[in-house]
Amino acid sequence: MSDGSPLRHVGVTIACPVCGSSFSPSGRRTYCSDACRASAYRRRRDVGIIPPAAVSKSRPRREITVYECDTCGERSLGEQRCSECHTFMTRVGIGGYCPSCEEPIAVIDLLEEEVPQARK
């Protein structure tokens, strides 16, 4: 009954699915190290999360940031103070003016409509 395969899997190694290095399995171990196991967990957890929009460090962000008033709901681009309530507004995110209605709109508002929310 000897077909060349080792008995009891002595000396058999498997490849780590994260880094590809070979290691001897013990029990139900799938990854070669705790670092690879944590990396695989983060990859599974982060699938579907929307990355934040990147802006270069040299460009000021205030002029491209959309703000919204907590009291009246008015939005503005680049102005932190509400012109009607005279209070400071909350930052919504990076954005610009909508090409069809000329109202301030944030990038995150556009992405939330198209991409389903990730499980938390």
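Computed from a predicted structure; not experimentally measured.
Val12 approaches Pro25 most closely through the heavy-atom pair O-CD, 3.4 Å. When every heavy atom of Cys36 is checked against every heavy atom of Val18, the shortest pair comes out as O-CG2, 3.4 Å. Closest heavy-atom contact between Gly96 and Val66: N-CG2, 4.1 Å. Annotation for Cys82 and Glu74: closest pair SG-OE1, 4.3 Å, computed over non-hydrogen atoms. Listed here is the closest heavy atom pair of Tyr67 and Arg91: CD2-CA, 3.6 Å.
For the atom pair Ile64 CD1 and Leu77 CG, the distance stands at 8.5 Å (nearest 0.5 Å). The CD1 atom of Ile94 lies 11.5 Å from the CD atom of Glu63; values are rounded to the nearest 0.5 Å. For the atom pair Tyr97 OH and Ile105 CD1, the distance stands at 13.0 Å (nearest 0.5 Å). Taking CG from Asp34 and OG from Ser39, the interatomic distance works out to 12.5 Å, rounded to the nearest 0.5 Å. To the nearest 0.5 Å, atoms OG (Ser33) and CZ (Arg37) are separated by 9.0 Å.
Side-chain contact between Arg75 and Glu68 is present, with heavy atoms from C-beta onward closer than 4.5 Å. Side-chain atoms of Phe23 and Thr13, non-hydrogen and from C-beta on, never get closer than 4.5 Å to each other. Counting only heavy atoms from C-beta outward, the side chains of Ser76 and Ser83 never approach each other to under 4.5 Å. For the pair Glu84/Cys69, no side-chain contact is recorded, criterion being any heavy-atom separation below 4.5 Å from C-beta on.
With Arg42 contributing its side chain and Arg45 its backbone, the two residues share no donor-acceptor pair below 3.5 Å. With Arg29 contributing its side chain and Tyr31 its backbone, the two residues share a donor-acceptor pair below 3.5 Å.
Geometrically, Arg81 engages Phe88 in a cation-pi contact defined by less than 6.0 Å to the ring centre and at most 45° from the axis.
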